[in-house]
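A quick note: this is a predicted structure, and the numbers were derived from the prediction, not measured.
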Amino acid sequence: MISPELQARLASLDIVTLAVPGFVALVILEMIVVRITGRGQYNAADSASSLMMGFGNSVVGALLGGLVLAAHVVLYEYRAFDIPWAWWSMALCFFGEDLAYYWFHRIAHERRWFWASHVIHHTSQHYNLSTALRQTWTGAVSLSWIFWLPLTLLGFPPAMTLLFSGISLVYQFWIHTELIGRMGPLEWVMNTPSHHRVHHATNPRYLDANYAGVLIIWDRLFGTFVAERDDDRPRYGVISNLGSFNPFRIAFHEWVGIWRDVRGARNIGEVVGYMFGPPGWSPDGSRKTSASLKAAWAARVAAE
Amino acid sequence: MSEGELLTMLGSAAAVAALVVIAWLLGFRVRARLASEEDARAAIEACEPGAAVAGVVLDTKGLSALARLADGRLALARSMGDRIAVRTAPSRNVRVRMMKAGLIATLPDIGYPPLRVRIDDAPPDWLKTKMETGS
């Protein structure tokens, strides 16, 4: 068991806030290395918009984070088991949180409602440590947090889940870099810069792959793992890249798109399709989805 | 928001400003330009594999371009920092107007604000037709 003192300290640990000075220092270090070596790329305007998105995410978190935690605390009253703070339960919670993250992340790419919130993180055409901080402003209101509810309902204390969620977020910061190549045997188990470059790429072969948070094992297990290839270097961004660095346009463009589509829908099926179908879904199939892009690419490759 | 959170926010805002200044000072302020029609074609075709550009109107400062694809769609390209952001859309979904500032091409997407293309000469015939008929 863990002592009540340590338990209290762990439960109140705001690991993300504590990590912020480290984030800042590493971004500066990466910029200097990129300047000196010419490896990797930065653009001041792009980084400015990423950092403003990160700042906005912190503000929204401070305003709404309490409500999300409150929802978990309320539902914790209906838990199946009383899971104590112990080393074994923390190990289980680490794996459980990482699995919950995998499914959240996968569905955030496969269903437009959640994509509207998550797309923000993918709107940079660059891939560097500042991109890691390009975070959503609408995660709480879009109910992204429901993917962690099973852990609460199982009986993991919400503060424990929150702790590992924070650790996962901090872990995922450093993998947003082009400065680190491949990492040998770690590539088998851990989410690495190489795996996550694939995730951020718009090359057809890389679409909808590598949803891992900390452990890449979930992608290997559920068939979504794709390895980075030297002959197909990742191109970053989204299929329809944004034409603005304005944080408000970045934060809300997909929500406005959903609203416009739903307003023009002719029946309930179209409403559901526009809201919860794959990003790019349209009744006549005229828009691009990951599946259609992959199919077109496969056809081109076969023809060559 | 507590006093501690407010201080954290102020510190974060200062850090954001400092990082942007450092990026600027380190010279990460290159702006992509479409110096020629060929540049515009290359940028559009890179984003839209298989697309054939049939006509291009280039911004006099090289910061944007409006193009017609062989299949009738329009392509919009704009400088975004050191990258070019390209969108393609059916011609009917793009509103093009001639304003004092140049051509203004508007998509129904707030993620891609109206594109301004400064031109010295009269628009080509395909664009005149587009502006007259809307498609």
Undergrad: A:Arg300 versus chain B, heavy atoms under 4.5 Å apart: side chain, backbone, both or neither?
TA: side chain

Undergrad: Between A:Arg260 and chain B, with a heavy-atom cut-off of 4.5 Å, which part of the residue counts as in contact: side chain, backbone, both or neither?
TA: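 For A:Arg260, side-chain heavy atoms alone lie under 4.5 Å from chain B.
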
Undergrad: Counting only non-hydrogen atoms closer than 4.5 Å, does B:Thr8 touch chain A with its backbone (N, CA, C, O), its side chain (CB onward), both, or neither?
TA: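 For B:Thr8, the side chain is the part near chain A, not the backbone.
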
Undergrad: Roughly how far, to the nearest 0.5 Å, is CE of B:Met80 from OG of A:Ser124?
TA: 8.5 Å

Undergrad: Can you tell me how far the CG atom of A:Asn241 sits from the SG atom of B:Cys47, to the nearest 0.5 Å?
TA: 6.5 Å

Undergrad: Checking B:Ile84 against chain A: side chain, backbone, both or neither under 4.5 Å from a heavy atom?
TA: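 Just its backbone gets close to chain A.
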
Undergrad: Given a strict heavy-atom distance threshold of 4.5 Å, which part of A:Thr17 is in contact with chain B: side chain, backbone, both, or neither?
TA: side chain

Undergrad: Can you confirm whether A:His253 sits close enough to B:Tyr112 that some side-chain heavy atom of one is under 4.5 Å from a side-chain heavy atom of the other?
TA: no

Undergrad: Crowded around B:Lys61 NZ? As in, over 12 foreign heavy atoms under 6.0 Å?
TA: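 At most 12 heavy atoms, drawn from other residues, nucleotides or ligands, come within 6.0 Å of this atom.
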
Undergrad: Indicate the atoms forming the closest heavy-atom contact of A:Met31 with B:Leu19, along with that distance.
TA: CE-O, 3.7 Å

Undergrad: What part of A:Ile32 lies closer than 4.5 angstrom to a heavy atom of chain B: side chain, backbone, both or neither?
TA: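 Contact with chain B is through both the backbone and side chain of A:Ile32.
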
Undergrad: At a heavy-atom distance under 4.5 Å, which candidate from B:Arg78, B:Arg87, B:Glu5 has the highest pair count against chain A?
TA: B:Arg87

Undergrad: Among B:Ile22, B:Val16, B:Leu26, which residue forms the greatest number of heavy-atom pairs with chain A at distances under 4.5 Å?
TA: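 Among B:Ile22, B:Val16, B:Leu26, the one with the most close pairs to chain A is B:Leu26.
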
Undergrad: What pair of heavy atoms forms the shortest contact from A:Tyr42 to B:Asp82, and how long is it?
TA: O-OD2, 4.0 Å

Undergrad: Near A:Arg263 CZ, under 6.0 Å, is it more than 12 heavy atoms from other residues, nucleotides or ligands?
TA: yes

Undergrad: Could you tell me which of A:Ala45, A:Ser58, A:Gly54 has the largest number of non-hydrogen atom pairs under 4.5 Å with chain B?
TA: A:Ser58

Undergrad: Can you tell which of A:His126, A:Arg235, A:Gln41 has the highest number of heavy-atom pairs within less than 4.5 Å of chain B?
TA: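 Of the candidates given, the most pairs with chain B belong to A:His126.
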
Undergrad: Tell me, do A:Lys288 and B:Thr88 make a side-chain contact under 4.5 Å, heavy atoms counted?
TA: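 In contact.
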
Undergrad: Taking the side chain as every heavy atom from C-beta outward, state whether A:Asp46 and B:Phe28 have any pair of such atoms under 4.5 Å apart.
TA: no

Undergrad: So which part of A:Val24 gets closer than 4.5 Å to some heavy atom of chain B, the side chain, the backbone, both or neither?
TA: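 Both backbone and side chain.
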
Undergrad: Let me know if A:Glu254 has heavy atoms under 4.5 Å from chain B in its side chain, its backbone, both or neither.
TA: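 Neither part, no heavy atoms under 4.5 Å.
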
Undergrad: Under a 4.5 Å heavy-atom cut-off, does chain A meet the side chain of B:Ala15, its backbone, both or neither?
TA: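 Just its side chain gets close to chain A.
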
Undergrad: Would you list the pairs meeting ring pair (Phe, Tyr, Trp, His ring centres under 6.0 Å) in which at least one residue belongs to residues 37-58 of chain B, sequence neighbours left out?
TA: none

Undergrad: If you count heavy-atom pairs under 4.5 Å between each of B:Ala85, B:Ala77, B:Ala23, B:Gly111 and chain A, which one has the most?
TA: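 Max contact count across the listed options: B:Gly111.
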
Undergrad: I need the B:Asp109 CG to A:Ser240 OG distance, nearest 0.5 Å.
TA: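 Reported value, rounded in 0.5 Å steps: 7.5 Å.
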
Undergrad: Could you tell me which of A:Val59, A:Val20, A:Leu133, A:Leu63 has the largest number of non-hydrogen atom pairs under 4.5 Å with chain B?
TA: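 Most pairs with chain B among the choices: A:Val59.
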
Undergrad: Relative to chain B, which segment of A:Asn43 carries a heavy atom at a distance below 4.5 Å: side chain, backbone, both, or neither?
TA: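 Both the backbone and the side chain of A:Asn43 come within 4.5 Å of chain B.
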
Undergrad: Take a 6.0 Å sphere around CZ of A:Arg233 and say whether it holds more than 12 heavy atoms from other residues, nucleotides or ligands.
TA: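 No.
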
Undergrad: Do you know which two heavy atoms are closest between B:Met9 and A:Phe55, and how far apart they sit?
TA: O-CE1, 3.2 Å

Undergrad: Using a 6.0 Å cut-off, check whether atom CZ of A:Arg205 has over 12 heavy atoms from anything other than its own residue.
TA: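 Yes.
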
